Amino acid sequence: MSKIALVTGISGQDGSYLAEFLLAKGYEVHGMMRRTSTKSSGRIDHLKDKFTLHEGDLLDSTSLTRLLEQVRPDEVYNLAAQSFVPVSWEQPIFTSEVTGLGVTRMLDAVLHVDKSTRFYQASSSEMFGKVRESPQSEATPFYPRSPYGVAKAYGHHITVNYRESYGMYACSGILFNHESPRRGLEFVTRKIANAVARIKLGLDEELRLGNLDAKRDWGHARDYVRAMWMMLQQDAPDDYVVGTGEMHSVREFVEIAFDHVGLDWQEYVVVDPKFYRPAEVDQLLANPTKAREKLGWVPKVTFEELVREMVDKDLDGLATKKPLDMKLKVA
Ligand code: NAP
Ligand code: G4F
């Protein structure tokens, strides 16, 4: 019999790759999406006949309990969140409600419907924030630098607490930045890739960015959803850092992206303080030793391959594009 998985945040970047991954493994896949006034299922439309989509919201416990009772999953992947760091200063309460308390709502619903369900929580390297040591492992103390990071730290601790209090199979995956052509346009990597493609095609003349010195450990989302699944296949639940162990600056990302289309980035990039953050995370670098040794997880896509894939996909998309998408640009 097929295993049953329920994925919250299935319409997001990771949700779409995880759904593809689980379907390829033979799972019966169910996804939860919140109700929106306009359609937001673009990343999963190509899968719509292969899985079941349900409405539900991490702000509404009743919807979560109903969904679990209906679907009876073997595994729950809790990917839903307000995931954009700058918005977490503008909407700190909403971010805490969804990204923080939403985890307790989901865990508690699992506990009461069927506590043998395996649970994955999408934790984040943002919890390390102002890093206490480098690289960061499962043992590195947290020092979050944004309301988002604080909410994720809460989500991490409540996951560990439900595991230890109730004996649930609950794992927290501390994932470093992972990107793809499906990344939201407001995140720096996609913003750069999309702008490079637009500039190359003569649709734009400049790219305005914030802190070019920020450094991240960037990998490909397709590699990272594999790690999520691996965590739920072990004999015992645990927490894992997932990253490449390589760090690059925003400036390096920009250089490689412009270089790829034969342009000199210095002619197009303008630093705009509007994109600086109230408190910055200067650098993040994973120590993924535990994931490699216990899960056998290693990333397959290199940094340069990731940058080039993202630029190429935006070039293709824009060159064959419907007029509406050509107007989409982040301020
Ligand atoms: P994403 O593209 O922003 O997707 C987030 C998903 O959550 C979307 O489907 C969104 O739906 C949904 N959502 C938001 N609020 C909700 C609510 N109240 N109830 C139900 N669903 C809600 O994020 P991602 O990059 O795929 O990341 C997946 C998860 O991993 C997130 O929890 C993120 O914080 C975490 N994470 C990401 C990274 C990374 O580098 N990508 C690293 C570490 C951790 P809408 O489409 O309606 O907005
Ligand atoms: O792409 P970003 O917005 O991602 P950030 O803040 O690292 O958060 C992402 O990764 C986390 C994992 O560590 C996730 F948990 C979280 O959900 C999200 O997926 O910004 C990356 C860096 C920052 O230091 C930012 O200051 O890029 C810098 N940056 C420079 N100019 C910019 C810009 N970021 C954005 N979004 N836009 C800019 O114009």
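What you see is a predicted model, and the numbers here were worked out from it, not measured in a lab. Just so you know, these numbers use all the heavy atoms, side chains as well, and skip hydrogens, waters and symmetry mates. In listed order, ligands and their atoms are each counted from 1.
The ligand atoms of ligand 1 that sit less than 4.0 angstrom from a heavy atom of Lys152 are 31 (C), 32 (O), 33 (C), 34 (O), 35 (C). Atom numbering of ligand 1 starts at 1 in the shown order; those under 4.0 Å from a heavy atom of Met32 are 20 (C). Listed by number with element, the atoms of ligand 1 under 4.0 angstrom from any heavy atom of Gly12 are 2 (O), 4 (O), 8 (C), 9 (O), 26 (O). With ligand atoms numbered from 1 in the order given, ligand 1 contributes 1 (P), 3 (O), 23 (O), 33 (C), 34 (O) to contacts under 4.0 Å with heavy atoms of Ser83. Heavy-atom contacts of Ser11 reach the following atoms of ligand 1: 8 (C), 9 (O), 11 (O), 45 (P), 46 (O) (cutoff under 4.0 Å).
Only the side chain of Phe275 comes within contact range of ligand 2, with a heavy atom under 4.0 Å; no backbone atom does. Residue contacts with ligand 1 for Met33 are absent, since no atom lies close enough (heavy atoms, distance under 4.0 Å). When heavy-atom distances to ligand 1 are checked against a 4.0 Å cut-off, Ser123 comes that close only through its backbone atoms N, CA, C and O.
In terms of protein heavy-atom proximity, atom 19 (O) of ligand 2 is closest to Arg183 NH2, 2.8 Å.
Tyr148 counts as a contact of ligand 2, since one of its heavy atoms falls under 4.0 Å from the ligand.
Shown here are the ring pair (Phe, Tyr, Trp, His ring centres under 6.0 Å) partners of Tyr169, two or more places apart in sequence or in another chain: there are none.
The cluster map of Ile, Leu, Val, Met, Phe, Trp and Tyr, joined by side-chain heavy atoms under 4.5 Å apart, puts Met228 and Leu23 in the same cluster.
Within the structure, salt bridge (Lys or Arg N to Asp or Glu O under 4.0 Å) pairs that include any residue of residues 130-147 do not occur (at least two apart or interchain).
Checking Ala80, Ala151, Ser40, Ser16 against atom 22 (C) of ligand 1, the nearest heavy atom belongs to Ala80. The residue from Leu64, Asp14, Leu175, Asn78 that puts a heavy atom closest to atom 27 (O) of ligand 1 is Asp14.
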